[in-house]
Amino acid sequence: MELKNINSLVELFFRKSEKNIPKKISMNESAFLTNLKSKEHELTELRQPTNYSWRVVDGQIRILTTYLKKIISIGDRCLLLSENRPEWLISDLSIMNAGGVTVPLFTTYSDKDYQYIIKDCMPKVCIVSTQEQFDKIKKYLTKDIKVISMDGFDKELDFFQKIFTDWQTIMIDPNFKIQHSINTNLKRNDLACIIYTSGTTGNPKGVMLSHGGILSNCEGALDILIPLFRNEKPVFLTWLPLSHSYEHAVQFVQISLGAKVYYAESLEKLLTNMSVAKPTIMTAVPRFYQNLYSKIYMNFSKQKGLKKKLISSTISLGIKKLNNGKLSLRENLINIFCEKLVRRKIKNQFGGKLKAFVSGGGRIRSKNR
């Protein structure tokens, strides 16, 4: 599929969905999105992921699109406040397919930022994940803003009774199960989303991102990634907030590749989630890699004797191989030990199948000593 011939992010998803949905309905369809989070009362030591197939995601987007088209007009702003989860992507695409513009909100904004952004963008709809997230913004919402909750919460909240709908109601109500078609009116220069800056230097600034701008980023990414995954389906573990412009664009790279996507629980649980997801690729901002490098380097610098020599050889021989250098017979023998005793252990910590870490959203420093 040539991305240069795609007009919008909505068209990108549905084109890819058509190729990934089996013609025959199967109860065991492979997952497209996998949520590693569970509701609080269902948490166990070993969390069971929730899987969403391409068919399920496609269907929920069409249903939510149908609902949204009844309450928004073309160009209307729609707030999206949620942690990373499959419903985030479904909401984003549904808003755009209904003709609206997504306004993602960070779950870590200050009260002042929430107040400013809601007043500035004048939304018609607010899609929010949980009671905790809703409590952050409810005092800034007016009576004409429709609220949709992913998990459901207290419906007896003053005037919100009349403007509140939960996700499950939309998905199971027969009045909403109209299989809405793809919005073919969207063009590359149309507005896809408005992502507000953090507001650290004054009021947040709304950055207007077009369908074509994000698609162009996808095109550039595919030039690099396709050779890495020519004969297999990539597996992503997403942990950066989808409200971040970088990770927001990455989700459409994932769609372009037909990848399987896991949503991590949190940064603190990242290594644990890696052992479940076994990602082949991960994306992050430079600061993450700089911190990771510092921790690894500090750990390596504490080693002594044979361990220190083995680690040094692992790094030097790895760099030589990466630069297509030819190893001597002695170096090859040492490298075998390095592979078994050092690299394999490190790889297993990251799930065992990782091929690449991708850095974006800023310049990464080459050294961090």
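For the pair Arg188 and Glu219, the salt-bridge criterion is met [side-chain N within less than 4.0 Å of a carboxylate O]. Asp151 and Arg85 are joined by a salt bridge, as a carboxylate oxygen and a charged side-chain nitrogen come within less than 4.0 angstrom of each other. Between Lys23 and Glu18 no salt bridge is recorded (no basic side-chain N to carboxylate O distance below 4.0 Å). For the pair Glu331 and Lys320, the salt-bridge criterion is met [side-chain N within less than 4.0 Å of a carboxylate O].
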Working for side chain to side chain contact (heavy atoms under 4.5 Å, CB included), residues Tyr263 and Leu36: CA-CA 6 Å; Tyr263 296 98; Leu36 292 172; 5.9 Å; no
Side chain to side chain contact (heavy atoms under 4.5 Å, CB included) evaluation trace for Leu9 with Met96: CA-CA 8 Å; Leu9 300 170; Met96 291 186 285; 4.0 Å; yes
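Other residues, nucleotides and ligands contribute at most 12 non-hydrogen atoms within 6.0 Å of the CZ atom of Arg287. Under a cut-off of 6.0 angstrom, the local environment of NZ in Lys112 is sparse, with at most 12 non-hydrogen atoms contributed by other residues, nucleotides or ligands. Other residues, nucleotides and ligands contribute more than 12 heavy atoms inside 6.0 Å of the CZ atom of Phe357. Around NZ of Lys353, the count of heavy atoms belonging to other residues, nucleotides or ligands within 6.0 Å does not exceed 12.
Between the side chain of Arg77 and the backbone N or O of Gly75, at least one donor-acceptor pair lies under 3.5 Å.
Using modelled atom types and a 3.5 Å distance limit, the side chains of Gln115 and Asp111 yield no donor-acceptor pair. No side-chain donor from either of Asn335 and Arg330 sits under 3.5 Å from a side-chain acceptor of the other. Side-chain contact annotation: Asn97 with Thr65, donor-acceptor N/O pair under 3.5 Å present. Side-chain polar atoms of Ser94 and Tyr67 form no donor-acceptor pair below 3.5 angstrom. Side-chain contact annotation: Gln60 with Glu87, donor-acceptor N/O pair under 3.5 Å absent. No hydrogens or angles considered: a donor-acceptor pair under 3.5 Å links the side chains of Glu247 and Thr283. No hydrogens or angles considered: nothing links the side chains of Ser210 and Asn189 as a donor-acceptor pair under 3.5 Å. Inspection of the Asn20 and Ser17 side chains reveals no N or O donor paired with an N or O acceptor under 3.5 Å.
Annotation: Phe32 is not in aromatic contact with Tyr52 [ring centroid separation under 6.0 Å not met].
Going from atom NZ of Lys321 over to atom OG of Ser316 covers 12.5 Å, rounded to the nearest 0.5 Å. Taking OH of Tyr262 as the start and CG of Asn51 as the end, the distance is 7.0 Å to the nearest 0.5 Å. In this structure, the separation between CG on Leu93 and CZ on Arg62 is 11.5 Å, given to the nearest 0.5 Å. In this structure, the separation between SG on Cys78 and CD1 on Ile148 is 8.0 Å, given to the nearest 0.5 Å.
Phe288 and Met298 are not part of a single hydrophobic cluster, where members link through side-chain heavy atoms under 4.5 Å apart. Under a hydrophobic-cluster definition in which Ile, Leu, Val, Met, Phe, Trp and Tyr are linked whenever side-chain heavy atoms come within less than 4.5 Å, directly or via other members, Ile71 and Ile74 are assigned to different clusters. Under a hydrophobic-cluster definition in which Ile, Leu, Val, Met, Phe, Trp and Tyr are linked whenever side-chain heavy atoms come within less than 4.5 Å, directly or via other members, Met122 and Val101 are assigned to different clusters. Following chains of ILVMFWY side-chain contacts shorter than 4.5 Å, one can reach Leu292 starting from Ile315, so the two form part of one hydrophobic cluster.
Between Trp54 and Phe13, the angle of the ring planes stays under 30°, which puts this pair in the parallel group of the 30/60° scheme.
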